[in-house]
Structures are given as C-alpha cells and as structure tokens.
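Letters A, B, ... are given to chains in the order of the sequence lines, protein chains preceding strands, and every chain is numbered from 1. Because the structure is predicted, anything quoted here is derived from the model rather than measured.
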There are 2 protein chains.
Amino acid sequence: MPAVSDCIEMLDSETKAVETPEDHAEELRLWLRLLTCTTLIEGEVRGRLRQRFDVTLPRFDLMAQLDKAPDGMTLSDVSKRMMVSNGNVTGLVERLVESGHLDRRTSETDRRVQVIRLTKLGRAEFRRMASEHETWIADLFADLTPKDVRELMRLLAKTKASAQKSAARRRP
Amino acid sequence: MPAVSDCIEMLDSETKAVETPEDHAEELRLWLRLLTCTTLIEGEVRGRLRQRFDVTLPRFDLMAQLDKAPDGMTLSDVSKRMMVSNGNVTGLVERLVESGHLDRRTSETDRRVQVIRLTKLGRAEFRRMASEHETWIADLFADLTPKDVRELMRLLAKTKASAQKSAARRRP
DNA sequence: GGGAAACATTTTAGGCTTAAAACAATTCGG
DNA sequence: CCGAATTGTTTTAAGCCTAAAATGTTTCCC
C-alpha cells in the first residue's frame, strides 16, 4: 500500500536534492498508541488501589521505590527514579510521613540530605498491596504470550534508548 | 536459567494440586518499562511545548482532538477520547475559551450538551505546533526501524485489547 | 581560609487531575 | 402525561505536578 510514497522517499533520500517534508505519521500513531496503553493500564491500577486499599498511585509508587532500598533513599534519588520533580517528592513524602508510612531523617554526614525509609507499618502495608497489584498487572497483560512479552521488552528497551538519546541531543 | 522454576510451575498447573502463588515478575517488569518509556517521552514533549510555544501538554492534546473534528465535539466526547474525567475537561476548556483558542456553545437540540470547536486562531496555532511536534516524535523514535514500528504497533494493539478485556471483567 | 560553584531540598504560583456529589435536561416506561 | 432512570456538565475538595526561585549546605580551588 505505501509502495509509491516509499519510492518517493527513497528517491529523496538518495538524490538528496528535494527537501520534502517527511512523513512521520507512523511514529505519531505509535506514540499515541503507546500513550493509550499506558493511560488505560494506569487508570485501571489507580482505581483498584483506591478501591481496595484507599491509597493513591503516586503514594504506592513511592513506597515501591523504598521497598527496594532497605537502607533508605534520598529525596533526589527518589525524584530521579520516579522521574518527577523535586518539589513533588517533598509533598508526597510529607503526607506519607504524616500517615506513619515513612520515616524521614537528616543525613548525619551531609545536612543537606534527607533520607527516607519505609516504617514497619509502611513496609507491611506495601507488601500486602504489592502482591495483589502484581496479579492485576498479570491480568491486564493476560492475552500476551511469553514471546510477546519478551518481544515487547526488547522493543521498549530500544525505544527508551532512542528517546534518551534524542533528549540528550537537545539538552547536552 | 528459569528452567527449574518453569518445571515447578508446569508441575503445578498439570497436577492442579498445589496452589503456588504464580510468578508474574516478567509482566511487572514489562509494565514498568512501558511506563518509563511513556513518562520519558511525555516529559520531553511537555518541555518542548512549553519552551517553544508556551503551551501545556493537556491544552495541546485537547486541541489535537478538536482539530480532527471540524464540526466540534461535546465535552463528553472529548473526555472519553482523552481518557480523562469530565471535570477535568470543564476546566481545560474554560481556560482555552478564555485565551481565544476555543469556541463553546450550547447545542440547540439538547440543552445539556456543550459543543466546542477550535477558533480560527486556535486552529492556526495548533497546526503550527503540530507540525513541529511531529518532528519531535520522529526524532524520539528515530532509532526504531520501520519493522520495529510495525511490530510495536501490533504488540501494543494486542496489549490494549488485553487491558480493555481485563478492565471490562472487573467493571461489567 | 574564603568566595564561587554545585548540590539537596523547600517554597511558590499556577495548572492539572480525580472521585464524588450536585445540578440540569432528556428519555423511557407505564 | 408523569415520575424514574439516564445522560451531560459543573462543582467541590483534595491531592498531584511542574518550573522557577529561594534557602541552606557542601565542595572546589585558588
């Protein structure tokens, strides 16, 4: 179907003579589909977390980061890992400390740094939520074969690398 | 590498005797990678829209929906398409009407319904932004071959269908 | 040592987002 | 025709999120 336009494109890129505005409709569609998938799944997970555990997705995500770091993390670490702004983490942590899920203390070696950890309560609650969360994810992806999953992992790794490279090009 | 656990799993599912908590770590990793890709690209697009055009991503997204609907859309339509809540759209539209990009009027046949359209200004600005936006997306996905793109499209379509089915199972 | 640069965090101002309740208009079934 | 459901939108309350500026601390290096 796109044979004709492919030929034209090839001619352009071979001759390097004509500066045709290139067609990137496919990439655009891919991006929209990627976004749709993520939004769909995210919304589903958000709703289930709220209904089952009365917890928000950002809180859950933050606790997930801390569960992987028994010795705690600094706010900057969390901010980088979650790919959200610093200010965002400040508020999120504030509320989780308030509710007794997090412990926050100033580093003894560097008084700029705040180290946060899950409290006993926080860890217990997170583990309970995480195990159920894992089954939700499995169910959401249930129609994918193991091969599909592997292939998606591979292509998304490639996508991530490509996007990071592009981002670095702009912000060296 | 996972040969042993695979065997155990197979035994379980064959004998149907032991109720082992199944391992869904692969799907979980897939979900996290999907989320990372989307967050990465979304952040990049958000930043470029702000820097180049001083516009927010949600505003751009809303205008993109309307650009595809010359006869306008109702707020509900927009809300479904953008997969955001109704109340969200109300505020977004308010600000875009205020800035002269949107026109909003009550339907003549059903006075519950608000129909919104791009104004001339709104359409012109959107087109200008959209053409640049398309080159950003192309650049972000630049390392993917056409075959990669096709394959990703296929797998994400399958993912979307799977997730929708799962969501429908919960909310019949 | 002392200032400049770098770093970690918080604050600020504004916008986005959601779920749920409230309100308004239409449609449906008897 | 009329009350009950349904549908479309707005409001409300709370939380999330960002970019940029401000604050406090450390490091670098002359």
Side-chain angles (χ1 to χ4, degrees), chain A residues 35 38-40 42-63 72-99 101-102 104-116 171, chain B residues 35 38-40 42-63 72-99 101-102 104-116 171:
Chain A
L35 190 55
T38 300
T39 306
L40 186 59
E42 203 170 44
E44 198 59 25
V45 171
R46 184 194 311 282
R48 298 192 199 202
L49 280 174
R50 188 181 41 72
Q51 285 202 342
R52 281 283 291 135
F53 302 112
D54 193 32
V55 76
T56 67
L57 185 50
R59 276 164 156 95
F60 178 82
D61 286 343
L62 175 41
M63 292 171 83
M73 299 174 78
T74 69
L75 295 199
S76 289
D77 288 345
V78 172
S79 158
K80 283 189 198 79
R81 288 296 192 87
M82 293 182 72
M83 302 197 277
V84 300
S85 66
N86 286 337
N88 189 356
V89 175
T90 297
L92 218 38
V93 167
E94 222 159 57
R95 289 182 287 271
L96 278 165
V97 168
E98 170 66 27
S99 64
H101 294 86
L102 258 57
R104 176 227 301 252
R105 64 188 59 170
T106 303
S107 161
E108 304 199 351
T109 62
D110 185 341
R111 281 185 317 188
R112 287 172 300 183
V113 174
Q114 301 286 316
V115 178
I116 54 176
R171 236 185 310 91
Chain B
L35 189 54
T38 300
T39 306
L40 186 60
E42 202 171 44
E44 200 58 26
V45 171
R46 183 195 313 282
R48 297 191 199 204
L49 281 173
R50 187 182 41 73
Q51 285 202 342
R52 283 283 292 133
F53 302 113
D54 194 32
V55 76
T56 66
L57 184 51
R59 276 164 155 95
F60 178 82
D61 286 344
L62 175 42
M63 291 171 83
M73 297 174 79
T74 70
L75 294 199
S76 289
D77 287 346
V78 172
S79 159
K80 282 189 196 80
R81 288 295 192 91
M82 292 181 74
M83 300 196 279
V84 300
S85 66
N86 287 336
N88 190 355
V89 174
T90 298
L92 217 38
V93 165
E94 223 159 56
R95 289 183 286 270
L96 279 166
V97 168
E98 172 66 26
S99 65
H101 294 86
L102 258 57
R104 175 228 297 253
R105 64 187 58 169
T106 302
S107 161
E108 305 197 350
T109 60
D110 184 340
R111 281 182 316 184
R112 287 171 303 181
V113 173
Q114 301 286 315
V115 178
I116 54 176
R171 239 184 305 87

Undergrad: Can you work out whether Glu94(A) or Gly43(A) has the more 5'-proximal nearest nucleotide on DNA chain C?
TA: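 Going by which nucleotide is closer to the 5' end, it is Glu94(A).
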Undergrad: At under 4.0 Å between heavy atoms, what does Thr74(B) touch on the DNA or RNA strands: base, sugar-phosphate, or nothing?
TA: sugar-phosphate
Undergrad: Thr106(B) and Gln114(B): side-chain donor and acceptor closer than 3.5 Å?
TA: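 Indeed, the side chains of Thr106(B) and Gln114(B) share at least one donor-acceptor pair under 3.5 Å.
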Undergrad: Out of the candidates Asn86(A), Thr90(A), Thr74(A), only one should pair with Ser79(A) under the side-chain hydrogen bond (donor to acceptor under 3.5 Å, both in side chains) rule; please name it.
TA: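 Of the listed options, the one satisfying the test is Asn86(A).
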Undergrad: By nearest atom, which of the nucleotides dT9(C), dC16(D), dT9(D) is closest to the Arg95(A) side chain?
TA: dC16(D)
Undergrad: Is there a donor-acceptor pair under 3.5 Å between the side chain of Ser99(A) and the backbone N or O of Leu96(A)?
TA: yes
Undergrad: In whole Å, what is the span from the CZ atom of Arg48(B) to the C1' atom of dT18(D)?
TA: 18 Å
Undergrad: Looking for any heavy atom pair under 4.0 Å, which part of the strands does Asn88(A) touch: base, sugar-phosphate only, or nothing?
TA: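 It contacts base atoms.
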Undergrad: Return the value, rounded to whole Å, for the distance between atom CE of Met73(A) and atom C1' of dT9(C).
TA: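 Between C1' of dT9(C) and CE of Met73(A): 15 Å.
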Undergrad: What is the separation between atom CG on Leu96(B) and atom C1' on dG15(C), rounded to the nearest whole Å?
TA: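 The distance from CG of Leu96(B) to C1' of dG15(C) comes to 12 Å, rounded to the nearest Å.
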Undergrad: Do any side-chain nitrogens or oxygens of Thr56(A) fall under 4.0 Å of OP1 or OP2 in dC16(D)?
TA: yes
Undergrad: If the cut-off is 4.0 Å, is Arg111(B) near the phosphate of dA24(C), judged by side-chain N/O to OP1 or OP2?
TA: no
Undergrad: Need one value for Ser76(B): base, sugar-phosphate or nothing, where a base atom within 4.0 Å counts as base even if backbone is also close, heavy atoms only.
TA: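 Counting heavy atoms under 4.0 Å across all strands, the contact made by Ser76(B) is with sugar-phosphate only.
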Undergrad: Could you check whether Leu57(B) gets within reach of a base, just the sugar-phosphate, or nothing at all, counting any heavy atom under 4.0 Å?
TA: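 It contacts nothing in the nucleic acid.
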Undergrad: Compare the minimum distances between each of dT11(D), dC16(C), dT25(D) and the side chain of Arg59(B), then state the nucleotide with the smallest one.
TA: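 So the side chain of Arg59(B) is nearest to dC16(C).
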Undergrad: So if I take every side-chain heavy atom of Arg46(A) and compare against dT9(D), dT18(D), dA19(C), which nucleotide ends up nearest?
TA: dA19(C)
Undergrad: By nearest nucleotide on DNA chain C, pick out whichever of Arg112(B) and Arg104(A) is the more 5' one.
TA: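 Its nearest nucleotide being more 5', the pick is Arg104(A).
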Undergrad: What is the separation between atom CD on Gln114(A) and atom C1' on dT25(D), rounded to the nearest whole Å?
TA: 12 Å
Undergrad: Check the distance between dA19(C)'s P and Asp54(A)'s CG and give it to me in whole angstrom.
TA: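 To the nearest whole Å, that distance equals 13 Å.
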Undergrad: Could you say whether Val89(A) or Asp110(A) is positioned toward the 5' end of DNA chain D, judged by the nucleotide with the nearest heavy atom to each?
TA: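 It is Val89(A), whose closest nucleotide lies nearer the 5' terminus.
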Undergrad: Between Met83(A) (CE) and dT18(D) (P), how many Å, whole number?
TA: 11 Å
Undergrad: Rounded to the nearest Å, what distance is computed from the CG atom of residue Asn86(B) to the C1' atom of nucleotide dA13(D)?
TA: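 So the CG-C1' distance, Asn86(B) to dA13(D), works out to 17 Å.
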Undergrad: Which nucleotide sits closest to the side chain of Arg50(B): dA20(D), dC17(D), dA19(C)?
TA: dA20(D)
Undergrad: Would you please say whether a donor-acceptor pair under 3.5 Å links the side chains of Thr109(A) and Ser107(A)?
TA: yes
Undergrad: Does atom CZ (Arg48(B)) have a neighbourhood of more than 12 heavy atoms from anything else shown, all under 6.0 Å?
TA: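 Atom CZ in Arg48(B) is crowded, with more than 12 foreign heavy atoms closer than 6.0 Å.
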Undergrad: So what does Ser85(B) hit on the nucleic acid, given a heavy-atom distance under 4.0 Å: a base, only sugar-phosphate, or nothing?
TA: base
